[in-house]
Enquirer: 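One structure follows; several queries about it will come next.
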Amino acid sequence: IVLGLGWALLNVGKLPDFAECRELLAMSENLVVDEYTGFLYPFLLRLLNICFSWSKVPVWTVMYVLQIVVAYVAYYYFLRKILVRKQEKWQKTCKTILLLSLYVLTVPVILQVHMAILPYSLASSLLLILMGKIPELWETGEMTLTDGIKIAVLWIGSAQICTEYAWFSG
C-alpha cells in the first residue's frame with residue numbers, strides 16, 4: 001500500500017507518454033471519436049476541462065482522482081458482494097474489505113491504469129460493479145426491474161466508455 005501511495009504522489013501531476021492519452025485529449029477538444037473509442041470518455045474529459053478551466057490543475061490530474069475514487073468504490077462493492085453473504089458478517093469484515101480494496105487499488109500496475117488518460121479504468125470499474133451484482137442475483141434467483149435498469153446502465157456505460165467492453169459485459 002505504501003509503495004503504491006508513494007508512486008501515486010510522485011506521478012499525480014504527470015501525463016504518461018502514451019499515444020492514446022494524447023489522442024483522447026485531442027478527441028475531447030472536438031468530441032470527434034473513431035470507431036474504437038466510445039463517446040463517453042472524451043465527453044467526460046471535455047466536461048472536466050470546462051469545469052476546472054479556472055484552476056491551474058491539469059485535467060488529467062482531476063481525471064486521475066475521479067478514476068481512483070470510482071475504482072476504489074468498485075473494488076469495495078465487488079469485494080463486499082463476493083465476501084459477505086450475511087448482514088451479521090458485514091460488521092466483522094468491513095475494515096478488512098476497506099483495506100483489501102485499498103491494497104488492490106495501490107498495486108502499482110493496477111494504479112497506473114487509473115492514473116492515465118485511458119478509458120480502461122472507468123470501463124473496468126463499471127464492469128466490476130456489474131459483476132458484483134451477480135452474487136446478489138444468484139442468491140435471490142430473481143431480477144427486478146430496478147436490477148435490470150442498473151445492469152443496463154452499467155453495461156451501456158462501460159460500452160460507451162470503451163467500445164470493446166460491450167463484448168465483455170454483453
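Predicted model, so just to flag it, every value in this text is computed and none were measured.
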Enquirer: Is Y76 reachable from V65 through a run of hydrophobic residues whose side-chain heavy atoms are each under 4.5 Å from the next?
Expert: no
Enquirer: Any heavy-atom pair between the side chains of Y77 and L128 that's under 4.5 Å?
Expert: no
Enquirer: Is there a side-chain contact between L24 and P119 (heavy atoms, below 4.5 Å)?
Expert: yes
Enquirer: Sub-3.5 Å donor-acceptor pair from the side chain of Y72 to the main-chain atoms of L102, do we have one?
Expert: no
Enquirer: If I take atom OH from residue Y75 and atom CG from residue L105, how far apart are they, to the nearest 0.5 angstrom?
Expert: 6.0 Å
Enquirer: Which residue in the set V59, L25, L44, V62 passes side-chain contact (heavy atoms from CB on, under 4.5 Å) when paired with N49?
Expert: V59
Enquirer: Rounded to the nearest 0.5 Å, what separation is found between the CG atom of L130 and the OG atom of S124?
Expert: 12.0 Å
Enquirer: Going by heavy atoms in the side chains, are I68 and M63 under 4.5 Å from each other?
Expert: no
Enquirer: Does Q160 reach the side chain of W155, with side-chain heavy atoms less than 4.5 Å apart?
Expert: no
Enquirer: How about V57 and F52: do any of their side-chain heavy atoms sit closer than 4.5 Å?
Expert: no
Enquirer: Work out which heavy atom in S158 is nearest to a heavy atom in A123; give both atom names and the distance.
Expert: CB-O, 3.8 Å
Enquirer: Out of curiosity, K150 NZ to I129 CD1, how far, rounded to the nearest 0.5 Å?
Expert: 11.0 Å
Enquirer: Taking atom CD1 of I134 and atom CD1 of I82, what is their separation to the nearest 0.5 Å?
Expert: 7.5 Å
Enquirer: How many angstroms lie between atom CG of L126 and atom CG of L154, to the nearest 0.5 angstrom?
Expert: 6.0 Å
Enquirer: Should we say atom CZ of F39 is surrounded by more than 12 heavy atoms from elsewhere, each under 6.0 Å from it?
Expert: yes
Enquirer: Distance-only, no hydrogens or angles: does the Q67 side chain make a donor-acceptor pair with backbone N or O of A116 under 3.5 Å?
Expert: yes
Enquirer: Can you check whether M143 reaches I151 side chain to side chain, under 4.5 Å on heavy atoms?
Expert: yes
Enquirer: Kindly compute the distance separating CG (L118) from CD (Q112), expressed to the nearest 0.5 Å.
Expert: 9.0 Å
Enquirer: Give a yes or no on whether the backbone of I97 and the side-chain of S101 come within a donor-acceptor separation of less than 3.5 Å.
Expert: yes
Enquirer: Is the shortest side-chain heavy-atom distance between D147 and T144 below 4.5 Å?
Expert: yes
Enquirer: Side chains of L83 and L100, heavy atoms from C-beta outward: is any pair under 4.5 Å?
Expert: yes
Enquirer: Should the heavy atoms of other residues, nucleotides or ligands under 6.0 Å from CZ of F43 be counted, would the total exceed 12?
Expert: no
